[in-house]
J.: 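Dropping a structure here in structure tokens format, bear with me for questions.
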2 protein chains.
Amino acid sequence: MLTIGKLGAKAGVKVPTIRYYEQIGLLPEAERSAGNQRLYGSKALERLAFIRHARDLGFTLEAIRDLLSLSDNPDQSCAAADAIAKAQLLEVENRLARLTALKAELERMVVQCAGGRIADCRVIEVLGDHSLCATDHLHPETEETP
Amino acid sequence: MLTIGKLGAKAGVKVPTIRYYEQIGLLPEAERSAGNQRLYGSKALERLAFIRHARDLGFTLEAIRDLLSLSDNPDQSCAAADAIAKAQLLEVENRLARLTALKAELERMVVQCAGGRIADCRVIEVLGDHSLCATDHLHPETEETP
DNA sequence: CCTTGAAGCTATAGTTGCTAGAGACATTAG
DNA sequence: CTAATGTCTCTAGCAACTATAGCTTCAAGG
Ligand SMILES: [Zn+2]
Ligand SMILES: [Zn+2]
Ligand SMILES: [Zn+2]
Ligand SMILES: [Zn+2]
């Protein structure tokens, strides 16, 4: 049985984060020692590692909640899990496209500045006027399709 | 003179966001009409467009605050502004690298799943075990160097 | 056995960048 | 003039934690 500190160290998750996950129901309520301290077994470690890994891959806690409940009944079809992963892939691809445009625009800005006074600074100038940009680099929320 | 709604429409910023920017001191307190409604001139529009554009390029409000105060005295050197832009570029490059790794990993997961039961789902399996991943795709906060 | 320090407990508030709602006042179109 | 928008302030909420305060429990050393 692990204390919360040891569990956090093994899973690479900070202690308050573990308590937070329990609070929002992502982890079940832990067993308690005689002195009211949380105790965890290997199942909890696996579950926490799953959460941590999914977070590292950018899944939201809501998606992780669904993935966990799917993984809790292993005989069902995995179509729902695959759909969540595919949605996450799409999301990542969108952000990637956007970030790529941002990077190009920031590079242009930085390179074009000759480094004199603010009045002549290309960085300030471009920030004030999007028509000086080469790409669209739209804000994502601007392009919703309801 | 523009009302807050017109200003928002021209700058592509929602009305509550404008009030929020004023509240946190990013925009100066607006003039008021006889009936206590905010009124804006072209200077406010420029400033708001600057903020919006910088946000679209991923700058934080803190960075934008600094950029605005720099752009308010045009005779200074632009080194500080350029430094902020370069830092932002670095940040974007880091996120880009991370997202690229994520995308590769998600693609692997999705492609490898044959689509049967949860018990055999590659998505669930990989989420539970990072050693099945081909890349590191670390979480950024994990690699701090204090 | 006692003490000290680390680790754990709860509960609350703060972070970032907004967004949503309630309830009241202002403006404008018909 | 009335009805429909628009605007006002204030408060609370979102994700996903992080930090603080003030307490209790535990493990090790003397
Ligand atoms: Zn410059
Ligand atoms: Zn632009
Ligand atoms: Zn599958
Ligand atoms: Zn992995």
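Chain A is the first sequence line, chain B the second, and so forth, proteins listed ahead of strands; every chain is numbered from 1.
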J.: Taking OH from A/Y40 and C1' from C/dC9, how many angstroms apart are they, rounded to a whole number?
T.: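 Going from OH in A/Y40 over to C1' in C/dC9 covers 12 Å.
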J.: Any ring pair (Phe, Tyr, Trp, His ring centres under 6.0 Å) involving residues 107-136 of chain A? Give me the pairs, sequence neighbours left out, ordered by first then second residue.
T.: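 Every ring pair (Phe, Tyr, Trp, His ring centres under 6.0 Å) pair that includes a residue of residues 107-136 of chain A, provided the two are not neighbours, is A/H130-A/H137, A/H130-B/H53.
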J.: Where is the tightest heavy-atom contact between B/R55 and B/F59, given as atom of each residue plus distance?
T.: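 Looks like NH1-O, 2.6 Å.
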J.: Look at A/Y20 and D/dA15 and indicate whether a side-chain polar atom (N or O) is within less than 4.0 Å of OP1 or OP2.
T.: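 For D/dA15, neither OP1 nor OP2 has a side-chain N or O of A/Y20 closer than 4.0 Å.
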J.: May I ask you to list the residues sharing a hydrophobic cluster with B/M1, side-chain cutoff 4.5 Å, ordered by chain and number?
T.: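 Listed partners: B/L39.
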J.: Rounded to whole angstroms, how far apart are CD on A/Q23 and P on D/dA15?
T.: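 Taking atom P of D/dA15 as the reference, CD of A/Q23 is at 13 Å.
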J.: Is any NZ, NE, NH1 or NH2 atom of the basic residue among B/K86 and B/D82 found under 4.0 Å from an Asp or Glu carboxylate oxygen of the other?
T.: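 No, no charged N to carboxylate O under 4.0 Å.
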J.: Atom CG of A/L2 and atom P of C/dA7: how far apart are they, to the nearest Å?
T.: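 Distance check: A/L2 CG to C/dA7 P gives 15 Å.
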J.: Is there side-chain contact between A/L106 and B/E93, with heavy atoms separated by less than 4.5 Å?
T.: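 The answer is no, as the side chains (C-beta and beyond) never meet within the 4.5 Å cut-off.
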J.: OP1, OP2 of C/dC18 versus side-chain N and O of B/R55: anything below 4.0 Å?
T.: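 Result: yes.
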J.: Output the residues of residues 57-65 of chain B in contact with DNA chain C, where contact means a heavy atom of the residue under 4.0 Å from an atom of the strand; sort by number or write none.
T.: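 Nucleic-acid contacts, sorted: B/T60, B/L61.
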J.: Atom CG of A/L7 and atom C1' of C/dA7: how far apart are they, to the nearest Å?
T.: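 In whole Å, C/dA7 C1' and A/L7 CG are 14 Å from each other.
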J.: OP1 or OP2 of D/dT7 versus the side-chain N and O atoms of B/T3: is any pair under 4.0 Å?
T.: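 So the side-chain polar atoms of B/T3 do come within 4.0 Å of the phosphate oxygens OP1 or OP2 of D/dT7, strictly under.
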J.: What is the distance from atom CG of A/L61 to atom CD1 of A/I51, rounded to the nearest 0.5 Å?
T.: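 So the CG of A/L61 and the CD1 of A/I51 are separated by 8.0 Å.
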J.: Think A/R19 has a side-chain N or O under 4.0 angstrom from the OP1 or OP2 of C/dT10?
T.: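 No, no such contact exists.
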J.: Starting at CD1 of A/I24 and ending at P of D/dC14, how long is that distance when rounded to a whole Å?
T.: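 Taking CD1 of A/I24 and P of D/dC14, I get 12 Å after rounding.
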J.: B/I18 CD1 to D/dG6 P: how many Å, rounded?
T.: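 One finds 14 Å between P of D/dG6 and CD1 of B/I18, rounded.
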J.: Round to the nearest Å and state the distance from A/I4 atom CD1 to C/dC9 atom C1'.
T.: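 Distance, rounded to whole Å: 10 Å.
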J.: For residues 102-113 of chain A, pull every pair meeting side chain to side chain donor-acceptor pair (under 3.5 Å), keeping only residues two or more places apart or in separate chains.
T.: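 Of all non-adjacent pairs touching residues 102-113 of chain A, those that pass side chain to side chain donor-acceptor pair (under 3.5 Å) are A/K103-A/E107, A/E105-A/R108, A/E105-A/T135, A/Q112-A/R122.
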J.: Specify the closest pair of heavy atoms between B/D72 and B/P74, including all atoms of both residues, with the distance to one decimal.
T.: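 Taking B/D72 first and B/P74 second, the nearest heavy atoms are O-CD, 3.7 Å.
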J.: Choose from C/dT19, D/dT18, C/dG8 the nucleotide whose nearest atom is closest to any side-chain atom of A/V15.
T.: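 Shortest atom-to-atom distance from the side chain points to C/dG8.
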J.: Report yes if a side-chain nitrogen or oxygen of B/Y21 is closer than 4.0 Å to either non-bridging phosphate oxygen (OP1 or OP2) of C/dG17; otherwise report no.
T.: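 Answer no for this pair, as no side-chain N or O of B/Y21 is under 4.0 Å from OP1 or OP2.
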J.: Enumerate the residues from residues 28-39 of chain B whose closest heavy atom to DNA chain C is under 4.0 Å, giving them by residue number; use none for an empty result.
T.: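 Correct list: B/S33, B/G35, B/Q37.
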J.: Strictly by salt bridge (charged side-chain N to carboxylate O under 4.0 Å, His left out), give each pair with a member in residues 23-36 of chain B just once, sequence neighbours left out.
T.: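 Salt bridge (charged side-chain N to carboxylate O under 4.0 Å, His left out) check on residues 23-36 of chain B returns no pairs.
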J.: Return no unless some side-chain N or O of A/K14 is found under 4.0 Å from OP1 or OP2 of D/dT18.
T.: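 Looking at the OP1 and OP2 atoms of D/dT18, one of them is under 4.0 Å from a side-chain N or O of A/K14.
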J.: Any salt bridge between B/E62 and B/R65, counting N to O under 4.0 Å?
T.: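 Counted as a salt bridge, because a side-chain N and a carboxylate O are separated by less than 4.0 Å.
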J.: Atom CD of A/E22 to atom C1' of C/dC9: distance rounded to whole Å?
T.: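 Distance check: A/E22 CD to C/dC9 C1' gives 12 Å.
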